[in-house]
Number of protein chains: 2
Amino acid sequence: MKTRGISILGSTGSIGRNTLRVVESLGDEFLVVALGAGRNVELLAEQCARYQPELVSVGTEECAELLRVELKRIDAAPPRVTIGEAGLVEVATHEGAGCVVSAAVGAVGLVPTLRAVEAGRRVALANKESLVIAGELMTRAAERSGAEILPVDSEHNALHQCLRGERREEVRRLVLTASGGPFRTGTREEMERASVEEAMRHPTWQMGAKITIDSATLMNKGLEVIEAQWLFGFGADEIEIVVHPESVVHSMIELIDGSVIAQLGATDMRHAIQYALTYPERRTSALAPLDLARLGALHFEPPDPERFPCIALAYRAMRAGGTAPAALNAANETAVAAFLDRRIRLTDIPRVIARVLDAHAARGVTDLDTVIAADAEARQHAGEVIAELSSAKEPARSLPKATHAD
Amino acid sequence: MKTRGISILGSTGSIGRNTLRVVESLGDEFLVVALGAGRNVELLAEQCARYQPELVSVGTEECAELLRVELKRIDAAPPRVTIGEAGLVEVATHEGAGCVVSAAVGAVGLVPTLRAVEAGRRVALANKESLVIAGELMTRAAERSGAEILPVDSEHNALHQCLRGERREEVRRLVLTASGGPFRTGTREEMERASVEEAMRHPTWQMGAKITIDSATLMNKGLEVIEAQWLFGFGADEIEIVVHPESVVHSMIELIDGSVIAQLGATDMRHAIQYALTYPERRTSALAPLDLARLGALHFEPPDPERFPCIALAYRAMRAGGTAPAALNAANETAVAAFLDRRIRLTDIPRVIARVLDAHAARGVTDLDTVIAADAEARQHAGEVIAELSSAKEPARSLPKATHAD
């Protein structure tokens, strides 16, 4: 077996750390050649000591300095250190890396991921924002360079597995499953009052803060619908969402003859990561297999459009096309950050997005600049809406605070 | 689209009738060239009038005569009429039929199915007995002739669909789902007392009498495990059974990386029949698609070896190999017939099979004669055990009778 070089964008995040565990479990198959991180210099230094990449990138010059100090402290050989977006692009296009795991969170992953695709790398994609924002550019670049985009999201990874033996024209629709998040059985009022801590209590998956809030509003599923559009070439009317609280069925496809193919598995991201790395082959995994008889029951229900308006907003942006999904994503990122800062309510997130979409005139996506301009514009508008909403609420002092009582 | 000729063994049974509905729904794609039936002459005559096959076969000369009379009565053009096993073989090897649907019930389907395989036909196989009895001969014949065997059983059809995009060496195990039958939640005592009517009340599938009783004892699942061995090349330790009362997940495969691929669908045999006819292509079906959100929940539990000893008997015969599965099948067919005749109890069925297997010295399967001899021997022994059990019970007059009270 030939050893393959691998780069990881976002190595200190949840997907990044799990990728390194998968790489270790696969023995000599992969060699870590480059790591990109943001500000978690301490963990990055540990990763450098353990995996000895040739190249790393961090967010700022200050982080780079801290990394050098930390590497000296733990007596680790220093790799070449780069910074900022240019640094991430270097990591993403390192010539020793045939495979790039794109797991930086949010829009910061966009340019490096696009460069990896343009360079013809296999891209194991966890950064769904890059497809949501610039799916058209990404898809076109992959067609030109021959890059394979393998999704690491459990849902899209499941769809990729379900679609393996099938022809596109014989697939009627994709069905994305959603856990329903912590407010699946909650009321509209409970969601209005929800604290950051309550919104962070995801029932089945352990993930980062941004994606966990997206799971609470179901915007995560909305973004995934847009992602699925670009990954697999299906339209808004061909992609559905079903709520499945156990998160065991990771997603499904329905064929034109009525047959449904589903992929099931344990809720451990390492399954999807390993699949994306080793595809088209599969490797033996020591992770515990699924035991359906022990689980007992799997439940399914339609998503509630009243309590989860983010889904309809995502479909709306998808149908509008062009820069609309980029505006949706930018507004959502800005609003989620404001919620995590306790400046707005959880239920303000869709309000912010709706206002931004109302004002956004979608333009065709011809180049990255168009997308970046739409992103910046939407962020600014979202910021204004957030300022308005949070100042309107200030006098009442009713914003939910952290609490130990549940 | 080129019209393809099709023959049906067992055209008046449940699978046969559904096959004809599928053929009709597919327009000009298939042309019915030959039909084989047993004694249901009236329905066969109707089928002749509607589909105008060139050739039909019936059980006996008497049936042939009745068929001619019936055809005249309804003013239908008479096809060529053949009788008995030789007649079924003619139907199975009709040169105008590229595809043969093997749906005769029980061991009677064995020789005609084998001849169709030897003749290199696509065989859409619903007659599981032919693989259970003579899987080795059938598999070898298919290798030689290049015949494709496409399973019509919903479980094996599901496995075939799940395996489409996968490599054999990357599949860890097959998981067959079982509805659990009418006694899934019953007690051992209720099974001892069960009437034929109670045993015939299958919760999810409408099927013939023999297979419905097999579903009540779970022998159906045991036979399917043996069938799966031959269809897909998996051993006894690589095939498992999970009880799934809704029968929505038709079966699953587990890959070496821990991923599970499942096929789901409505409980309508026409899905599997159509798949077997049109494979590797799929055709649009007007049947209602699966609606998981409406179903709400799917349940899974391990099968209970105490109440369903037929499963262990099937694994035992499979591990013994050679003629043991033929003996198992013969003993089961004989015992099921005796139960339907109200000569023995439902729970006597596994007792009869165990006694026959205890006495059976498994021989290697080199030719059809060996299999047929083992079948005959097991039937005779089963008959003796049944006579013993039923005479022992005669004085008590405790055998369950048909009843309108439930």
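Naming: A, B, ... by sequence-line order, numbering from 1 per chain. Because only heavy atoms are used, hydrogens play no part in the values below, and waters and symmetry mates are left out as well, while side chains stay in.
- Contact of B:L295 with chain A is not made at all, since no heavy-atom distance falls under 4.5 Å.
- Between chain B and the options A:I256, A:V242, A:L255, A:V175, the largest number of non-hydrogen pairs under 4.5 Å is found for A:I256.
- No other option in A:G258, A:A297, A:G296 has as many heavy-atom pairs under 4.5 Å with chain B as A:G296.
- Residue contact with chain B, scored on non-hydrogen atoms closer than 4.5 Å, involves the backbone and the side chain of A:L292 alike.
- In this structure a side-chain-to-backbone donor-acceptor pair under 3.5 Å is present from B:H271 to A:D257.
- Between the CD atom in B:Q161 and the CD1 atom in A:I261 there is a gap of 4.5 Å [rounded to 0.5 Å].
- Chain B forms the most heavy-atom pairs under 4.5 Å with one residue out of A:A286, A:P280, A:A288, A:A272, and that residue is A:P280.
- Interface residue A:L290: backbone and side-chain heavy atoms are both found under 4.5 Å from chain B.
- Annotation for B:R294: atom CZ does not count as buried by contact number, only 12 or fewer foreign heavy atoms lying within 6.0 Å.
- Side-chain contact between A:V260 and B:Q263 is absent, with no heavy-atom pair separated by less than 4.5 Å.
- Using a 4.0 Å cut-off between charged nitrogen and carboxylate oxygen, A:E170 and B:R283 do not count as a salt-bridge pair.
- Contacts of A:R270 with chain B are absent, with no heavy-atom separation under 4.5 Å from either backbone or side chain.
- Counting heavy atoms from C-beta outward, B:F300 and A:L298 have side chains that approach closer than 4.5 Å.
- Residue-environment remark: CD (B:E169) exceeds the threshold of 12 foreign heavy atoms within 6.0 Å.
- The candidate from A:A293, A:P302, A:G165 with the greatest count of non-hydrogen atom pairs under 4.5 Å with chain B is A:A293.
- The most heavy-atom pairs under 4.5 Å with chain B, out of A:A262, A:G265, A:P289, come from A:A262.
- With B:R282 as the fixed residue, the side chain to side chain contact (heavy atoms under 4.5 Å, CB included) test singles out one of A:R172, A:R167, A:E166: A:E166.
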